[in-house]
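Computed from a predicted model, the values in this text were never measured in an experiment. Note that ligands are numbered from 1 as they come in the structure, with each ligand's atoms numbered from 1 the same way.
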Amino acid sequence: MTAERRPLIAGNWKMNGLRAAKSELRAVAAGLAGISAETMICPPFTLIGAFASDVAGTELMIGGQDCHPAESGAHTGDISAEMLRDAGAVAVILGHSERRIDHQEGDAIIKAKVKAAWRAGLLPVVCVGETLVERDAGEACAVVTRQVRQSVPEGATAANLVIAYEPIWAIGTGRTPTTDDVAEVHGAIRHILTERFGAEANGIRILYGGSVKPDNAAALLAVSDVDGALVGGASLKAADFLAIARAAG
Ligand SMILES: O=C(CO)COP(=O)(O)O
């Protein structure tokens, strides 16, 4: 991390959380004193409105987990970026590997969703990451470089883009890459961002995600070019999420 990039610790609740989970959210909001990182919880769509009202006036931000590229229209079951914003979200996770796999999302649709997020004034958190087969073939950096090249539109700035590197094989598995491997991939992401966006790239935050827990967070967050974390399972428990946020300094 560098002084110019304030760390961001974001919790991706995925398809978890009923209304009763508000107590966990409140515990996070109540525990932020002394934490200097930015913090965000991305609950399922159904909880965004209630959660956003609940955390109003606190430092905790609320984000979505996906959006449709269009502003409105005949798209049954979908949610637009404008709707997320209207419900109180300030950011949206896009291109998560679970969306790429479950919904066959490719880089072109993700790029359109990033533009939709910008149109609505949301901060997109664009996820990239390789499969185990790709890692074993030595292709991790090439894969994420291609994903950043193809899923991030022209016009990215330090203020309007966050990237999250999430190796697919590390998600929910308890396995993490070595810190050297994380440094190598984050360096490759910084490189392609610099090639495309020049000096702005210095300020774009690159989060690491995949089995981040209280006991490995400090080591992962200390890696060069790691500017925060995108946390899945451990973000469902306020105490674990706060411990990870504290590890960011
Ligand atoms: O996919 C993730 C966050 O988006 C990571 O999930 P886990 O932290 O549960 O491995």
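Contact annotation: G172 has at least one heavy atom less than 4.0 Å from an atom of ligand 1.
Environment of NZ in K237: sparse, with no more than 12 heavy atoms of neighbouring residues, nucleotides or ligands closer than 6.0 Å. For E59, the CD atom is loosely surrounded, since the number of other residues' heavy atoms within 6.0 Å does not exceed 12.
Interface atoms of ligand 1 facing G210, defined by a heavy-atom separation under 4.0 Å, are 5 (C), 10 (O). For ligand 1, the atoms sitting less than 4.0 Å from at least one non-hydrogen atom of L230 are 3 (C), 4 (O), numbered in the order shown with element in parentheses.
By the 3.5 Å distance cut-off applied to N or O atoms, H96 is counted among the residues near ligand 1.
Checked options L230, I163, L94; the residue passing with C127 is L230 (criterion: side chain to side chain contact (heavy atoms under 4.5 Å, CB included)). Paired with R196 under the rule side chain to side chain contact (heavy atoms under 4.5 Å, CB included), one option of T194, L193, I192 passes, and it is I192.
Note on ring orientation: taking the six-membered ring where Trp is involved, the planes of F51 and W13 are perpendicular (angle over 60°, cut-offs 30° and 60°).
Counting only heavy atoms of the protein, atom 8 (O) of ligand 1 lies nearest to G232 N, 2.9 Å. Given atom 2 (C) of ligand 1, the protein heavy atom at minimum distance is E166 OE2, 3.1 Å. Looking at atom 6 (O) of ligand 1, its nearest protein heavy atom turns out to be K14 NZ, 3.3 Å. Nearest to atom 9 (O) of ligand 1 among the protein's heavy atoms is G233 N, 2.8 Å.
For atom 7 (P) of ligand 1, the candidate residues are G209, S211, S235, G129; the nearest heavy-atom contact is made by S211.
When only modelled atom types and interatomic distance are considered, Q65 and H96 share no side-chain donor-acceptor pair under 3.5 Å.
Here N12 has side-chain heavy atoms under 4.0 Å from ligand 1, and that is the only part of it that gets that close.
Across G232 and K14, no two heavy atoms sit closer than the pair CA-CE, 4.3 Å.
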